[in-house]
Amino acid sequence: EEFEVLDLLMRLVDKSLVIKEEILGEARYRMLNTIGQYALEKLHEQGDEVPTRSRHFDYFVNVVEVAKPRLLAADQIASLNRLEVDHDNLRSALEWAIKSQAQAALRLAGALGRFWDIRSYFSEGRRLLNQALALRQDAPPAWQALALRWAGFLAARQGDYAYAKVLLNDSLAVSRSINDPAGVARAVNFLGYTAFSEGEFDLAEKLLQEGLEIFRSLHDESGLASTLNHLGSVAWLRGDAP
């Protein structure tokens, strides 16, 4: 029963099978790797591994999707720190879903894109996004567009511009196909970033101006701020300091 969980947890802590820690002002519980592996073997033997992992995955999808809009808000740092604390849980959930729930994996991978970017997990984010994208057939187009966009942007962040443009143009095409103006604006914003990173300033300015108009029409302040920042970078790189 639900009310018995804490008592059972304390008994496991007393026997050193579970370790209690305080992180970010919260009680957190974890197992040593050897204990965790043993517990996982028992779950598998009893036929409980799939439903347990599925509940774990669903819980952390919710954690990420609640945090996602907050990564652009005043409590950004608190939300980033919460995701950081749960990073191993997120890795575990996503790697399991890639093997067993392909569409759901794409949803989680795309939602984690901004976290991976801000915290500079470029290589890890690219690897997991590309694994999820390899299985994207029949996934909702909006999930595909988001995952393609972040995979492309993280590729650009690592200087892999040719591959970035392939992914970002795919994302742009999907967003146009489902009439998603916000998705279009974000894709052209990232394409503009890629263009000015390669020194293609005219192309960058054209793309970024397109995104700027869309963000203004949507009253999307975060998108507007990002695009203006990129346009400022183009001007600075051209030597136009004013």
Side-chain angles (χ1 to χ4, degrees), residues 30 33 36-37 40 44 49-50 52-72 76 79-175 183 186-187 189-195 197-198 226:
R30 67 178 178 86
N33 287 340
Q37 287 298 320
L40 196 58
H44 183 74
E49 181 180 2
V50 171
T52 301
R53 281 187 173 274
S54 182
R55 288 196 300 275
H56 178 267
F57 177 83
D58 290 344
Y59 177 83
F60 282 101
V61 166
N62 183 66
V63 166
V64 172
E65 294 196 333
V66 167
K68 189 170 69 168
R70 294 175 180 170
L71 297 183
L72 294 169
Q76 180 194 60
S79 298
L80 286 167
N81 289 342
R82 171 64 200 278
L83 294 179
E84 191 75 61
V85 167
D86 275 319
H87 202 175
D88 283 338
N89 274 310
L90 296 169
R91 290 181 178 112
S92 176
L94 185 50
E95 288 172 354
W96 174 75
I98 285 169
K99 297 174 184 175
S100 58
Q101 296 188 12
Q103 290 191 18
L106 194 69
R107 176 185 179 189
L108 180 56
L112 280 167
R114 190 175 302 280
F115 166 72
W116 284 325
D117 175 44
I118 295 173
R119 286 292 166 97
S120 299
Y121 292 110
F122 303 140
S123 295
E124 180 178 11
R126 289 182 68 186
R127 175 177 61 82
L128 291 169
L129 280 161
N130 287 332
Q131 287 178 6
L133 283 165
L135 307 168
R136 73 179 188 265
Q137 187 175 4
D138 300 326
W143 296 0
Q144 294 188 42
L146 180 63
L148 284 163
R149 191 161 67 240
W150 280 113
F153 189 61
L154 294 182
R157 296 277 272 164
Q158 290 194 310
D160 189 356
Y161 301 125
Y163 189 49
K165 286 185 284 190
V166 170
L167 293 168
L168 291 170
N169 279 305
D170 282 351
S171 177
L172 179 59
V174 174
S175 293
R186 287 179 170 82
N189 183 25
F190 286 176
L191 280 165
Y193 170 90
T194 304
S197 297
E198 287 192 290
S226 174

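These numbers come from a predicted model, not from an experiment.
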For this session: Show your working on side-chain contact (heavy atoms from CB on, under 4.5 Å) between Tyr163 and Asn130 and close with a plain yes or no.
Result: CA-CA 11 Å; Tyr163 189 49; Asn130 287 332; 3.5 Å; yes
As an exercise, state the distance from [atom1] of [X] to [atom2] of [Y], rounded to the nearest 0.5 Å.
X	Y	atom1	atom2	result
Asp86	Ser92	CG	OG	11.0 Å
Ser100	Arg53	OG	CZ	8.0 Å
Leu148	Leu133	CG	CG	5.0 Å
Leu90	Phe57	CG	CZ	10.0 Å
Leu94	Leu106	CG	CG	9.5 Å
Leu80	Arg70	CG	CZ	12.5 Å

Shortest non-hydrogen contact from [X] toward [Y]:
X	Y	answer
Trp96	Gln101	CH2-NE2, 3.2 Å
Ala93	Leu108	CB-CD2, 4.3 Å
Ala156	Thr194	CB-OG1, 3.5 Å
Leu129	Ala147	CD2-O, 3.8 Å
Ser171	Arg149	OG-CB, 3.5 Å
Pro140	Gln103	CD-OE1, 3.9 Å

Exercise. Could Arg127 and Glu95 be called an ion pair, given the rule that one side-chain N must be under 4.0 Å from one carboxylate O?
Worked result: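 Salt bridge: yes.
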Acceptor/donor pairs from residues 109-120 side chains to any protein atom, 3.5 angstrom cut, sequence neighbours excluded:
unit_1: Asp117; atom_1: OD1; unit_2: Arg157; atom_2: NE; d: 2.7
unit_1: Asp117; atom_1: OD1; unit_2: Arg157; atom_2: NH2; d: 3.2
unit_1: Arg119; atom_1: NH1; unit_2: Glu84; atom_2: OE1; d: 2.8
unit_1: Arg119; atom_1: NH2; unit_2: Asn81; atom_2: OD1; d: 2.9

Problem set entry | Side chain to side chain, Arg82 and Val66, heavy atoms closer than 4.5 Å |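 Not in contact.
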Exercise. For Arg136 and Val174, what are the C-alpha separation, side-chain angles and deciding distance, and is it a side-chain contact (heavy atoms from CB on, under 4.5 Å)?
Worked result: CA-CA 13 Å; Arg136 73 179 188 265; Val174 174; over 6 Å; no
Exercise. Tyr59 and Val63: side-chain contact (heavy atoms from CB on, under 4.5 Å), yes or no, with the steps?
Worked result: CA-CA 6 Å; Tyr59 177 83; Val63 166; 3.6 Å; yes
For this session: Would you please name every residue forming a side chain to side chain donor-acceptor pair (under 3.5 Å) with Asp88, sequence neighbours left out?
Result: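 With sequence neighbours excluded, Asp88 shows a side chain to side chain donor-acceptor pair (under 3.5 Å) to Arg91, given in chain and number order.
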Exercise. Quick one: ring-ring contact (aromatic ring centres under 6.0 Å, His included) partners of His56, sequence neighbours excluded?
Worked result: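 Scan of His56 (ring-ring contact (aromatic ring centres under 6.0 Å, His included), adjacent residues dropped) gives Phe60.
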Exercise. Hey, does the side chain of Ser54 reach the backbone of Val50 with a donor-acceptor pair shorter than 3.5 angstrom?
Worked result: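 No: the side chain of Ser54 does not pair with the backbone of Val50.
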For this session: Just say parallel, tilted or perpendicular for the rings of Phe153 and Phe190, cut-offs at 30° and 60°.
Result: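 Geometry flag for Phe190 against Phe153: parallel rings.
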